[in-house]
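First the structure, in the form of structure tokens, and then the observations on it.
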Amino acid sequence: MSAAITIARPGIRLGPRPELILPADRDGLDDYFQRLLAHRLDPELRTLRKFRKRLKAINEAEKRFLAQDLVARNCAVLELRKSLAAQQLRRTDLVQAFALIRVAVEQCLGLRLHDEQMYAGWCLLAGNFIEMNTGEGKTVTAALPAIVMGMAGVPVHVISANDYLVTRDSAELEPVYRWFGLSMGLVLAEQDETRKRQGYACDISYCTHQQVVFDYLRDSQVLRHDRHGLAASLRDLLEEQPGVPVQRGLCFAIVDEADSVLIDDARTPLILSESSAGEALSMGEAAVALAIGRSLEENRQYLLKKDIRQARLTDAGLQQVRERTAQLSGSWQFERYRQERVCQALAALHLYRRDIDYLVQQDKVELIDQATGRPTPQRRLQHGLHRLLEVKERCSVSDESNPVSSLSYQRFFARYHRLCGMSGTVQEARVELHRIYGPRVLSIPSVRPSRRRMLPLQLAASRAQQLDLLLQQVHLLRSRGRAILVGTRTVRLSDEVSAMLGAHGIEHEVLNARQDSAEARVVAAAGRCAQVTVATNMAGRGTDIKPEPAVVEAGGLHVVNLEINDSRRVDRQLYGRAARQGQPGSCQDILCLDDEVLERESSALAMRLMKMATARGPETATALVSALVRRAQNRVENRHRQQRMAVAKGQTQLQRILAVGGRGE
């Protein structure tokens, strides 16, 4: 980092809504070298040891501020805000700011920021991604760059993965922001346009990644004539008046759980749609397609591609569909239409499963985010597939929607003038993050050494045997007074575990997509003595389970993982619930051969070898299963990476094609 940080804020130079304009004709190699030059790493940020000189200056400034009375300290804050707002961010001002923030956090929250957090905050401010171990205080660390930029007059977006984290983090840090005279806004999906505009008008705005992109797309629709290009020039000649956007531009973003937001959720672009009244005929077509799909025989009349969730009719299947639709009129007489509709019906019947891919709640079909296990009521499957699921589950059929605009996360977040982020599991994605978004990934050392124990893998031949092993472990650990977190990938398995525990009289709490509104209560109770909590991946992102003193003395929280996750990063997030901040804790995988990911990603030969090894004894199969699990996760991660690359490439090509209209969205 140079002697000063260049900042972007609304004004005469960059306009009322600053954002980076990405050239549509820049190729991948040009883009890479552009990012490489723009994100040169200052030597003092490479390690905590090299940052010690800066820490020494911060500590000296902190001592001076602590010796001052309240009036003098408030004057120092006002002088600092004036200096930051007048020019680039100079190192001398940043030292003063970090020292004041450390004082404010201790006074408002009773916490003293560790040297590691100060280092992490400086790295974020310089525009990097950081990896901090779970429990090391990422939430409070984000306040360091947010306050500095807020005092400089830069609109700050603190972006989290879900509404729960947004609400929790903003409430925790609001007293610190008030200490500096900064306003803090909350932007949620259920708010109307006026409240969202008020939230974005604050110095620091908390929102989810989905919400900030959707609001950007809506603003883009309002301000279409402000875009560049021939069409924009024609609109300007007509003197059309712009609407009023809710956002103030894309100046500075801090992305919490950066790998979840920028990697896991980036496989599909976000699509802004307008509702259109559904017709009764559409419901009838869905019912007919589902009836035909149920009558077909797998492997003879249709084939399923489970990895990409597509169905394909064989020649025998095509003939069967022709015969079944011979007496139908209208669109069913068109070969391509009936083929596509029946293939969609087959996907809805066999590739989208209740309590795994979606929930049925309050007579509605809600998709489940596979990375977090949370319901996503705002998401809908396109091209009539969502309506097929609604008809399949006999739910109320909602209006169809017409796509208005779309934008990938890759292109959206690249438009921020300064982007940074943090996560406990970001190192595995460092190459892709740097290539697509620019910032580098830096590892932040832990304050205390980890005391987490990884117990050996236990393998079961069937789901029933797996649950028996879990039950034995729960009885043993509860008798010792330890808290237990049982992690599953799917809602369905979490319900099975809950039913098993209930049948044996074991009191427990469940946290999955059905109970997401009770998340704060369940997480708060999960660290109690002999407490059993069953959770999907919802408990793996951002949650802070605090064991009681008696639980810590007994050995801490124990985490059990029952299903193979799509990514090793998700496993690490779940394990990270235990042994936080140097406390004791343990974790263990109890897997079974019936696991869906293992069966889908392993060959028939590998599965046979695994079953033969298991028959000889679980110890014999453990090494083989561990290798196959890693291989299965690598296959899934590679496929997801290819999907993300395809999305990014597709959006770039779309922007080039639609350059006459300005932007691709």
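Treat the numbers as computed from the prediction; the structure is a model and nothing was measured. Numbers here simply count residues along the sequence, with the first being 1.
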**Report entry** Salt-bridge contact D192-R195 (side-chain N to carboxylate O under 4.0 Å)
**Finding:** no
Query raised in the report: Is any NZ, NE, NH1 or NH2 atom of the basic residue among R17 and D219 found under 4.0 Å from an Asp or Glu carboxylate oxygen of the other?
Result: yes
Query raised in the report: Between H209 and Y409, is the ring centre distance below 6.0 Å?
Result: yes
Query - Residue pair G150 / D203: nearest heavy atoms and the distance that separates them - result: O-OD1, 4.4 Å
Query raised in the report: Pick one: which of T167, D163, N162 meets side chain to side chain contact (heavy atoms under 4.5 Å, CB included) with L165?
Result: N162
Query raised in the report: Considering all heavy atoms of both residues, which atom of C251 and which atom of V154 are nearest to each other, and what is their separation?
Result: CB-CG1, 3.6 Å
Query raised in the report: Looking at S205, S170, P175, C202, which hits side chain to side chain contact (heavy atoms under 4.5 Å, CB included) with M184?
Result: S170
Query raised in the report: Can D215 and K196 be counted as an ion pair, charged N to O under 4.0 angstrom?
Result: yes
Requested in this report: State, without any angle test, whether E432 and Y437 hold a side-chain donor-acceptor pair at a distance under 3.5 Å.
Outcome: no
Query raised in the report: When you measure from the centre of the six-membered ring of F129, is the NZ or CZ of R440 under 6.0 Å away and within 45° of the axis?
Result: no
Report task. Determine the minimum heavy-atom distance between R9 and L84, stating which atoms define it. Result -> NH1-O, 3.4 Å
Requested in this report: Verify the ring-centre separation between H157 and Y416: is it less than 6.0 angstrom?
Outcome: yes
Query raised in the report: Are any of the side-chain nitrogens in D93 or R81 under 4.0 Å away from the carboxylate oxygens of its partner?
Result: no
Query raised in the report: What's the shortest heavy-atom distance between I271 and F214, and which atoms?
Result: O-CE2, 3.4 Å
Query raised in the report: Any salt bridge between R489 and D566, counting N to O under 4.0 Å?
Result: no
Query - Any T141 side-chain heavy atom under 4.5 Å of M118 side chain - result: no
Query raised in the report: Does the distance from a Lys or Arg side-chain N to an Asp or Glu carboxylate O, for R569 and D264, drop under 4.0 Å?
Result: yes
Report summary line: In short, I368 meets I356 closest at the heavy-atom pair CD1-O, 3.8 Å
Report task. Decide, yes or no, whether a salt bridge links E193 with R197 under the criterion of side-chain N to carboxylate O below 4.0 Å. Result -> yes
**Report entry** Check ion pair K138-E131 (N to O, under 4.0 angstrom)
**Finding:** no
**Report entry** Distance in Å, I204 CD1 paired with I254 CD1, rounded so as to fall on 0.5 Å steps
**Finding:** 7.5 Å
Query raised in the report: Among side-chain atoms of T425 and D259, is any donor-acceptor pair under 3.5 angstrom?
Result: yes
